[in-house]
Amino acid sequence: MASEVSCIGANWGTQATHPLPPDTVVRLLLDNRIQKVKLFDADYDTLRALGKSGIEVMVGIPNDLLASMASSVKAAEKWVSKNVSTHISTNNVNIRYVAVGNEPFLETYNGSFIQSTFPALQNVQSALIKAGLSNQVKVTVPLNADVYESSTGLPSGGDFRADIHDLMINIVKFLSDSGSPFTVNIYPFISLYIDPNFPVEYAFFDGNATPVNDGGTSYYNMFDANYDTLASALQKNGFGNLPIIVGEIGWPTDGDKNANLVYAQRFNQGFMSHISDGKGTPLRPGPIDAYLFSLIDEDAKSIDPGNFERHWGIFTYDGKAKYALNLGTANSGLLVEAKNVHYLERKWCVMKPSAKLDDPNVAPSVSFACGLADCTSLGYGTSCGNLDARGNISYALNSYYQIQNQVDTACKFENVSMITKNDPTTGTCRFGIMIEQYYGGAGFPQKSLGLAAGLILFLLTIL
């Protein structure tokens, strides 16, 4: 990468039943020369592990804390003292940003955070000023690209969404006054996921798409067009120079027919090549500041948006590289995998050969297992989409067994299951063995696992 180009960052999420230990992840970041990381909370062990690494950190305030931050400056001061000041002074963590909320204005939230986000932002900034950190640490609000729109369908028609227009202007003015950036998450994959007629080539950076002409300016990919729609919205409202950070951008590898290794590698490598020359976009020339989404798969994420949600990582849950990717930091184009990963024993829970598919215990066993584990790699167009009925059942049972740390009782499905030491992995379908469970300060697992009823129904229909 050219020296003047900002280095790439990565989002490090921890909604996993068996997350890698923080020290292992920091080593993974350093080995791949990823010099910026964006977090979704302020977990003590995670931040401690980042101490003295030199990695730039964006810590996050989850949406469920916005109301308390909004209603009390003292709450904001307490949070900043505990999660920013202490880590900077005691652990030497290079905290550069505080992300106040995460996509709080998503339309699916039905306005839940409309009232609290801006006051929380103001109070956190006041707390940073009081702590003497406001020059070093900047506030921002990672927003989904749905906070702006275009009346013409072209970038030049960009403006903020009508229902939150005044609020957005207040936030943008505040960010500008405090020398803070606008953070936006841009996802061409989601556009393809929700609209089967979306032009596939326009999602990528190969220049194969039919360009969109905007008053003589040609757009060859959705990222540039979307980014410039935001640039237009900022310019139109008098903030044409406000810095923009791309808080999340990436492509998932499983859980949907368009979420696969080929597309993910093509998108992420295309994006890296696209920004490596530092040219920027037609409306915003210059280096682009971005964080890939995401570093590692998270098997406990909510799948309300879709089964792909657990598969955004450029690394698997155990730190294995999914595909070749040159991050612009080394010439090999190969990612360095996690080191010293400790696994549970090499054994799996599968459907026993003597079990019958029409056994009445089969359907409730699969339903139970998938309800408490992760069956998002099963289904049409997924990595395990070619399994037969017995393979589907085995995958579901094993997922539950592994998440339950291979305790014997987790493979006691009456007349259905057995433990084997023969790896059932086949083709693209990996039957994983969980890594040893890491218990951080708060303890894991952090999140309860849920599964969309539709996937369970799908599995039951093919039994």
Side-chain angles (χ1 to χ4, degrees), residues 8 10-11 13 15-16 185-209 221-223 248-274 292-327 333-335 337 370 373-388 391-392 395-396 398-399 424-432 451-452 454-455 458-459 462:
I8 193 70
N11 284 267
Q15 292 186 54
N185 301 338
I186 298 176
Y187 282 113
F189 169 80
I190 302 292
S191 300
L192 182 59
Y193 177 74
I194 61 178
D195 179 7
N197 297 315
F198 183 85
V200 176
E201 290 299 322
Y202 198 54
F204 298 99
F205 299 93
D206 310 311
N208 298 333
N221 64 78
M222 183 197 155
F223 170 78
E248 298 178 18
I249 185 165
W251 199 281
T253 55
D254 211 350
D256 181 70
K257 64 178 182 177
N258 289 313
N260 56 62
L261 294 172
V262 173
Y263 275 6
Q265 198 271 348
R266 183 182 172 198
F267 181 84
N268 282 333
Q269 193 59 72
F271 178 70
M272 290 307 307
S273 301
H274 184 62
L292 288 180
F293 192 87
S294 69
L295 189 66
I296 305 168
D297 282 353
E298 300 171 75
D299 68 347
K301 281 194 77 178
S302 165
I303 54 169
D304 287 345
N307 290 335
F308 54 83
E309 273 299 319
R310 295 177 179 170
H311 304 278
W312 287 98
I314 56 175
F315 293 96
T316 55
Y317 67 94
D318 51 352
K320 291 188 181 300
K322 294 183 181 178
Y323 45 81
L325 182 61
N326 190 333
L327 295 174
L334 296 176
L335 296 169
E337 299 187 339
C370 282
D374 179 24
C375 293
T376 55
S377 292
L378 298 174
Y380 174 71
T382 61
S383 65
C384 297
N386 292 324
L387 295 179
D388 60 12
N392 279 314
Y395 187 93
N398 184 62
S399 180
T425 292
T426 173
T428 59
C429 185
R430 179 186 180 194
F431 280 65
L451 193 82
L455 184 55
F458 166 80
L459 291 170
I462 59 175

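FYI, the numbering just counts along the sequence from 1.
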Exam field: side chain Trp251 to backbone Val262, donor-acceptor pair closer than 3.5 Å:
no

For Asp299 and Asp374 the tightest heavy-atom approach is CB-OD2, 3.8 Å

So do Asn326 and Met272 actually touch side chain to side chain, heavy atoms under 4.5 Å?
no

What closest approach, in Å, do Leu335 and Ala321 show between heavy atoms, and which atom pair accounts for it?
CB-CB, 3.9 Å

Separation of Arg310 CZ from Lys301 NZ (nearest 0.5 Å):
10.0 Å

What are the two closest non-hydrogen atoms of Cys370 and Ala396, and how far apart are they?
SG-CB, 3.6 Å

Is the backbone of Gly313 close enough, under 3.5 Å, to the side chain of Asp297 for a donor and an acceptor to pair up by distance?
yes

Neighbour count above 12 (heavy atom, 6.0 Å) for Asn386 CG
no

What about the rings of Tyr193 and Phe198, do their centers lie closer together than 6.0 Å?
no

For Leu292, is there any backbone N or O sitting under 3.5 Å from a side-chain donor or acceptor partner on Asn11?
yes

Report yes if some heavy atom in the side chain of Ser273 is under 4.5 Å from a heavy atom in the side chain of Phe205; otherwise report no.
no

Counting distance only, does the side-chain N/O of Glu248 pair as donor-acceptor with the main-chain N or O of Asn185 below 3.5 Å?
no

Could you check whether any side-chain heavy atom of Asp256 comes within less than 4.5 Å of a side-chain heavy atom of His311, counting everything from C-beta outward?
no

Run the numbers on Tyr395 and Leu387 for side-chain contact (heavy atoms from CB on, under 4.5 Å), then give the verdict.
CA-CA 9 Å; Tyr395 187 93; Leu387 295 179; 4.2 Å; yes

Stepwise side-chain contact (heavy atoms from CB on, under 4.5 Å) check, Phe308 with Ile190
CA-CA 10 Å; Phe308 54 83; Ile190 302 292; 3.8 Å; yes

What one should report as the nearest heavy-atom pair of Asn307 and Thr376 is O-CB, 3.5 Å

Using modelled atom types and a 3.5 Å cut-off, is there a donor and acceptor pairing between side-chain atoms of Thr382 and backbone atoms of Asp254?
no

Pair Phe267 and Phe189, ring centroids less than 6.0 Å apart
no

Does the side chain of Leu295 come within less than 4.5 Å of Phe315's, by heavy atoms?
yes

Could you tell me the separation between the CG atom of Asn260 and the NZ atom of Lys322, rounded to the nearest 0.5 Å?
11.0 Å

Contacts of type salt bridge (Lys or Arg N to Asp or Glu O under 4.0 Å), residue Asp318, not counting sequence neighbours:
Arg430

Contact summary for Ala373 and Ser399, nearest pair of heavy atoms:
CB-OG, 3.3 Å

Does any non-hydrogen side-chain atom of Val200 lie less than 4.5 Å from one of Tyr263?
yes

Let me confirm one number: the CD1-CG distance from Ile314 to Leu327, rounded to the nearest 0.5 Å.
5.5 Å

Taking Gln265 for its side chain and Ala324 for its backbone only, find out whether a donor-acceptor pair lies under 3.5 Å.
yes

Name all residues meeting the ring-ring contact (aromatic ring centres under 6.0 Å, His included) criterion together with Tyr187; count only those two or more places apart in sequence or in a different chain, and write none if there are none.
Trp312

Non-hydrogen atoms of Ala16 and Glu298 that approach each other most closely
CB-CA, 4.4 Å

